Structures are given as C-alpha cells and as structure tokens.
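This structure is a prediction, so every number in the text was calculated from the model and none was measured. Naming: A, B, ... by sequence-line order, numbering from 1 per chain.
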Amino acid sequence: MRQADASARPPYSDYCDWLETVRINDLQKKSREAETFFRRTGITFNVYGQKDADERLIPFDLVPRIIDAREWRQLVKGIEQRVKAINAFLHDIYHRQEILRAGRIPEHLISQNAAFLPEMIGVTPPGGVYTHIVGVDLVRTGADEFFVLEDNARTPSGVSYMLENRETMLKMFPELFSRIKVQPISNYPALLRRSLGKCAPARSTGQPTVAVLTPGLHNSAYFEHAFLADQMGAELVEGHDLRVVDGRVAMRTTQGYFPVDVLYRRIDDEFIDPLNFNRDSMLGVPGIMDVYRAGGITLANAPGTGIADDKAIYSYMPDIVEFYTGQASILKNVPTYRCSEPDTLKYVLENLEELVVKEVHGSGGYGMLVGPAASKREITEFRAKLTARPSNYIAQPTLALSTVPVLTRAGLAPRHVDLRPYVLVSPDSIDITPGGLTRVAMKAGSLVVNSSQGGGTKDTWVLEE
Amino acid sequence: MLGKTAGGLFWLSRYLERSENTARLVEAGFRMALTRAAAGEDEWGSVMTTVGCLDAYLAKHETITPNTAFDYLLRDKTNSMSVYSVMRMARDNARATRTALTREVWEAVNDGWMLLKDMLKRPISQTELPAVLASVRQQSALVRGALQGTMLRNDIFSFSRMGALIERADNTARILDVKYYVLLPTGAPVGSSLDNVQWEMILRSASAERSFHWLNPGNASPKAIAEFLILDERMPRSLAFCYDELITCLRCLSKDYGDTRSCHALAEKLEARLTNFTIDDIIDNGLHEFIRDFLRANAALAAQIESDYRFYK
C-alpha cells in the first residue's frame with residue numbers, strides 16, 4: 001500500500017486519506033459486524049476430514065486491495081492472451097498435437113499425465129470452448145510486474161467470495177464508495193449465465209437450460225454452488241437428480257425428466273461419470289460422457305482441461321503462449337525448476353532453503369515446502385521425499401510478494417497477498433471481471449494464502465479510469 | 001422445479017413444525033408435572049409416546065425424571081426427534097433448498113439454528129426451561145412469518161405449506177391417540193378433577209386452551225374437546241383445518257401443473273371424512289379407531305405426495 005518513502009502508492013491515496021479520518025476501534029467493530037453478516041448469510045465452508053465439524057468462516061479483512069485502471073488494463077491483455085492460448089492448446093492436444101510434433105513440449109509429459117483424458121481425443125466441445133471459467137492466480141512483485149502462479153483451468157472456486165466481499169464492503173462503508181469510484185463486479189452471475197448459454201450444444205433450441213452440478217451439502221464449496229445457481233436462476237443439481245434419457249442428460253423435476261443443455265459442473269473429471277471414469281463415484285451421472293461426446297450436452301469446464309493447468313506443463317506456458325498466439329507471453333511465469341532433470345535436481349537440493357517446492361499434482365497449498373519459512377527438520381524431511389521421487393516435484397524461487405495491510409488486534413499490519421481474477425470464455429468473447437479475489441496470508445511473513453490453511457480474503461478494487 | 005427441492009421444502013416445513021410441536025408438548029408436560037407431582041412420571045411418559053421416542057428413551061435411561069425427560073426431548077443428539085436434531089435437519093434442508101428460498105426465509109432458519117444450537121449447548125435447568133421453550137416456538141413463528149410474507153405463491157410455497165399441514169395434523173392426531181381414553185364417556189367419573197387436568201393438558205398441547213374456553217365458557221366436556229380438535233375448521237391445529245388447507249394447496253398445484261395425481265383423490269377422501277361425520281358418529285364408531293385410521297391415512301397421503309411429485313426417484 002505504501003511506497004519506500006512511506007507515502008501511499010497512488011491507487012491507495014484516496015483510501016489512505018479516508019483511513020486517517022477513522023478510528024481503529026471503529027474498524028474493529030465493523031470487522032465483527034462483517035463476521036456476523038457472513039455467518040447469517042451462511043457464507044461458510046466445510047473442512048474435509050473433520051466429522052461433525054462446524055462450518056467455518058473464511059477470515060474477511062476489510063482493508064481493500066486496490067489496483068489502478070491502467071495497471072488493470074495491462075493485466076487484462078495478459079490474461080486474455082493466456083486464456084486464448086490455453087484453449088488453443090487444449091484443442092490441439094486433443095486433436096492434431098502440433099505442439100508435440102514441433103517438439104516444443106516432450107511427448108511423455110502429455111501421454112503419461114493423469115490429467116490427460118484419452119476420452120477427449122477428437123472431441124470438440126460445443127462452441128469450441130474448453131475453459132468456460134478460468135481463475136488465474138497471480139502475484140504482484142512490483143509496478144506492472146505480475147507473475148502467474150497457476151492457471152486454474154478446471155473448476156476454479158472462490159468467485160462467491162469476490163461477490164459477497166464487495167456486498168459486505170458496500171454495506172459497511174457506503175461513504176467510501178461515494179468517495180472513490182470502483183469498477184462494479186455485480187454483473188458476474190448474469191455474465192456467467194449468458195456466457196454458458198452461448199456455449200449450449202448446437203442442437204438445443206430456445207432458451208438453454210443451465211444447471212449447476214454440486215457434490216452436495218457437505219462439499220467445502222457448497223455455499224458457492226448454491227449461491228451461483230441462485231444468482232443465475234439455474235437449478236442446483238446433484239448426480240442423483242440427473243439421468244440419461246433419450247440421449248440427453250435430464251433432471252428429475254416434480255413434473256418428470258427435463259433435459260439440461262449446459263451443466264456447470266463443480267465435480268472433478270474422475271467423478272463425473274462412473275461408467276467412463278471412477279466406477280465408485282456416487283457423485284456423477286452414468287453415461288454422461290457418451291452424451292457429451294455425441295454433442296448432447298455442454299460440460300463447463302470441458303473434461304480434460306486439467307492438462308493445461310498441470311504443474312508439470314506450467315513451466316512450458318511461455319512456449320505455449322508463443323506457439324499459439326505468435327507473440328511473447330505478456331504475463332510472466334515464475335521461473336520453474338523441473339526436478340525430473342538431474343542437473344536441475346542437484347541445484348534444487350543444494351538451494352532448498354531459498355526455494356518453494358511443490359508437488360506436481362498437489363493443490364490447496366498442501367504438500368509444499370516454503371524454504372525460507374521452513375525449519376531445518378522440515379527441509380531434511382522434504383529432501384528425502386524429493387530425492388525419492390524427483391519427477392513428482394517442481395521448484396520455484398521465493399518471490400517478493402506484494403503486501404497489503406490487514407486489520408489486526410494491534411492495528412494495521414502488512415500481509416502477503418495474491419490475486420485471482422475470474423475469466424469467462426464464450427465462443428465470441430472473453431470477459432474478465434475487474435478485480436477478482438484477493439487472498440491474504442493472515443500470519444505475519446507467511447506466503448500461504450489458501451483458505452484451507454487459514455488464509456483470508458479481501459475485497460479487490462479496480463479504480464474507474 | 002427439481003423433485004429433490006420439492007422434497008427438501010416439504011421436509012423443511014415438517015421439521016420446523018415438529019420442533020414447535022415438541023416444545024409445546026414439553027411445555028404442557030412440564031406444567032402438568034408441576035401441578036400434580038405424583039403423576040409426573042406418567043405425564044413425561046405420555047409426552048414421549050406422543051413424540052414417538054419413549055422406547056428409545058427407556059433404552060437409554062432406567063427411570064423417568066423431569067430433567068432427563070426434557071433433556072432427552074430437547075437436547076439429546078442421539079434422539080432423532082429431539083428439538084436439537086429436528087432443527088438441525090430443518091436447517092440442512094434449508095441449505096439444500098436455498099435456491100428456492102428468499103433471503104428472509106433462509107436467514108430466519110439459519111438465525112434460529114444458531115440461536116438454538118447455542119441455547120441447547122448446556123443442560124437446561126427447570127428455571128430456564130420456559131424461556132428456552134418460548135424461544136423454540138418463536139423461531140418457528142419467525143420462519144413461518146418470513147414464508148408468508150416473502151415467498152412467491154407458486155409450487156415452492158405449496159410444497160412447504162403441505163409439509164407443515166401434514167405434520168401438524170399428525171401431531172394433533174398423536175395427542176388424541178395417546179390421550180383418547182380421557183375423552184371417552186367411559187373414563188373416570190365425569191367432572192372429576194383428574195379429568196379436568198387431563199383435558200387441560202390436551203388443549204395446552206395443541207395451543208387450544210384459550211380459544212376453546214372462549215368458545216365454550218365454563219363448559220368443558222370431552223366431546224366438545226374432541227370435536228374442537230378434530231372437526232372445527234376455525235381451529236388452526238384441528239384435523240379439519242389442516243385438510244381444508246391441504247386441499248387448497250393441492251388445487252394450487254394442479255392449477256400450476258395442469259394435472260391431478262393420485263394424492264388429490266386420497267386427500268379428498270380423507271377430507272370428506274372430516275366434513276361428513278359428526279363427533280357423535282365418530283365416538284359411536286370408536287374414537288380410538290378413527291384416530292388410528294386417520295394417522296395411517298395421513299402418513300399414506302404424505303408418501304403419495306412424495307411419489308407423485310418425485311421427491312426421491
């Protein structure tokens with residue numbers, strides 16, 4: 001928020017002026033009000049593996065993260081380029097595989113990757129869109145310097161927090177929003193509905209029927225599934241509400257089975273169809289993949305998109321962007337060491353104290369080592385794991401992540417943040433909602449922002465031009 | 001509308017109604033036990049029979065004392081009929097049907113759950129009991145108010161209303177089922193003080209004491225009480241009232257959907273029994289049999305609604 005000389009960075013200057021007029025006590029009171037609001041609304045998440053655990057709140061911090069319009073425009077260009085490249089890559093990888101033929105990516109990285117779905121070979125999704133919804137995780141390290149951490153091309157979550165955080169801020173600080181002009185985000189659900197509708201199968205006529213597929217009440221993101229269905233005016237279905245009827249996927253209504261055109265599924269690939277993938281899955285719909293391959297339904301996102309946000313593929317993203325767009329990647333990749341390569345492994349093992357090491361297939365901030373923050377013992381333990389299965393890991397330098405203040409008991413204090421803007425892709429447009437979800441590490445010095453590990457969220461403001 | 005959602009709304013309302021009814025029964029039982037110390041054990045036994053959890057209680061506790069009884073009825077997590085369990089299920093159903101509820105209804109259910117969960121955390125003393133029971137009833141009233149005041153009158157509303165009515169008719173009939181003998185002419189000498197207390201208990205269990213006495217000043221008779229709770233359409237917890245409203249809901253549904261289903265005929269048959277019979281007919285043919293038949297038919301109607309509107313398959 002502040003520059004080296006302690007003055008406010010330009011996008012924050014109006015906010016800082018306002019901040020000087022309020023008392024910390026009042027802010028803390030507002031913070032408790034916000035918590036009550038979240039609880040009443042039921043904006044909670046369940047923690048896996050904790051039986052009978054109460055639903056938890058994700059800590060919400062009421063100091064906004066602010067981005068100026070010019071920097072945002074730059075970012076949008078970079079995200080658009082990246083998302084276009086990802087869709088072109090997915091189409092290619094499931095069709096002619098030109099990028100492999102050109103030798104830009106090693107073949108085994110695809111063919112031996114669990115995220116690559118052979119069932120998708122030769123299948124073109126309706127409208128040619130693979131990733132209807134993308135949440136690109138970024139970090140800012142300096143002026144106009146953003147790095148992509150992850151591309152989240154499967155089923156990115158958290159957008160309900162982006163929307164509810166803004167609603168909460170509007171309720172708590174109306175005067176701030178009349179003072180500072182912030183680009184609105186409230187039309188995201190309408191855009192999502194429209195964007196999904198545009199991707200309906202060619203054969204469906206009239207207003208497409210959209211439904212949200214949730215694993216159910218006990219899923220950690222259930223609130224978000226219900227929230228999005230509600231906001232879009234779509235039905236919220238579970239696997240057992242759906243069945244294949246006359247070559248269509250249909251939902252059981254009080255008046256019989258009714259066909260669905262677009263299914264926004266919040267279930268992983270492997271659980272979506274017990275006939276085609278994981279046979280034990282109770283969450284999916286038997287035979288849905290066959291309907292999908294025959295063009296009878298749109299699945300958002302398409303099955304098999306995980307190959308594009310796989311951590312082993314990540315290090316090739318600059319090549320991928322260049323290969324499909326013919327231009328250098330606007331957004332930076334974090335330099336990535338592939339531990340599968342012996343020389344690189346040696347370097348990584350020698351510099352564990354400086355590096356962040358991640359599991360190739362891990363997510364949620366689990367199974368990773370943050371070198372500078374780790375104890376000697378943690379490093380030793382990790383070294384053993386890494387030596388045993390080098391190809392299971394990648395390593396990255398520790399970035400100097402930007403910080404934004406959070407409200408603590410002792411007043412304002414800086415914490416590290418990342419940013420996840422949400423991108424909607426339809427056959428003829430890419431919409432990026434201004435801002436996104438800012439996740440914040442609530443512990444001083446910590447770089448882990450995942451909500452499953454105690455991270456919090458902030459409202460994200462993109463200022464009007 | 002999804003069949004599952006219709007089922008969720010139906011059960012959301014049933015559970016809310018049930019928690020309120022249980023609170024009312026506990027209130028009546030508590031009062032009775034206070035006024036007649038000797039019969040305390042019997043009264044708590046009959047409250048638990050009415051709620052349907054006496055066997056489970058006896059499997060867990062050897063004796064019936066007021067505190068273990070109302071603790072079991074209100075707080076016990078292993079008792080699926082306790083107010084705690086029932087409210088939890090109500091809230092789960094509300095979460096599952098959130099997309100069909102207005103924000104007001106959702107918040108009323110969620111607030112109610114958070115409040116009661118907190119209230120039922122620790123054992124309740126006899127001093128605290130009245131306030132806790134009042135709270136349970138208040139929360140249920142708040143949800144009902146939010147439903148009435150903010151919900152669109154479409155199939156969503158019909159399903160949730162029907163759930164409440166089926167549950168309420170079931171509850172009133174259960175009260176009569178457990179206490180029918182008090183209302184029979186062959187019971188203890190008419191006008192004995194025992195009878196008076198028992199009649200009062202029945203009326204209180206259905207929140208009917210004020211309205212009954214207002215309609216029958218100084219003149220309580222078992223027949224009049226039975227007539228009031230079974231056949232009086234003005235009394236919002238009578239069987240006749242519930243069925244009158246149920247028929248209205250079913251008609252709204254058939255107007256919405258443009259068809260009638262098996263449950264329509266079933267409900268009308270039951271309603272006809274409540275409008276064509278007098279209380280004398282019912283007593284002559286056996287009050288207990290009538291109530292037993294009604295309970296069975298009411299449960300059958302609920303099952304028919306579930307299958308006609310595809311709640312589960």
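At a 4.5 Å heavy-atom cutoff, A/Thr214 makes no contact with chain B through either its backbone or its side chain. With a 4.5 angstrom heavy-atom cutoff, B/Met1 touches chain A via backbone and side-chain atoms both. Proximity to chain A is limited to the backbone of B/Tyr312, based on heavy atoms less than 4.5 angstrom apart. With a threshold of 4.5 angstrom between heavy atoms, A/Glu238 approaches chain B through its backbone and through its side chain. For chain B, no part of A/Arg243 is nearby; none of its heavy atoms comes within less than 4.5 Å.
Applying the 6.0 Å contact sphere to CZ of A/Phe37 captures more than 12 heavy atoms from other residues, nucleotides or ligands.
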### Stepwise side-chain hydrogen bond (donor to acceptor under 3.5 Å, both in side chains) check, B/Asn110 with B/Arg91
CA-CA 7 Å; B/Asn110 196 37; B/Arg91 201 247 182 183; 2.9 Å; yes
### Query
Passes side chain to side chain contact (heavy atoms under 4.5 Å, CB included), A/Glu35 versus A/Leu57? Steps please.
CA-CA 8 Å; A/Glu35 189 171 316; A/Leu57 288 183; 3.3 Å; yes
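Checked for salt-bridge contact, B/Glu20 and B/Arg24 meet the test: a charged N lies under 4.0 Å from a carboxylate O.
For the ring pair (Phe, Tyr, Trp, His ring centres under 6.0 Å) criterion with B/Phe10, the lone passing option out of B/Phe311, B/Phe159, B/Phe157, B/Tyr15 is B/Phe311.
Checked against a 6.0 Å centroid threshold, the rings of B/Phe294 and B/Tyr243 count as neighbours.
Listed options B/Asp259, B/Asp155, B/Thr99, B/Leu253 were ranked by heavy-atom pairs under 4.5 angstrom with chain A; first place goes to B/Thr99. When each of A/Val237, A/Leu236, A/Thr41 is scored by its heavy-atom pairs under 4.5 Å with chain B, the top score falls to A/Thr41.
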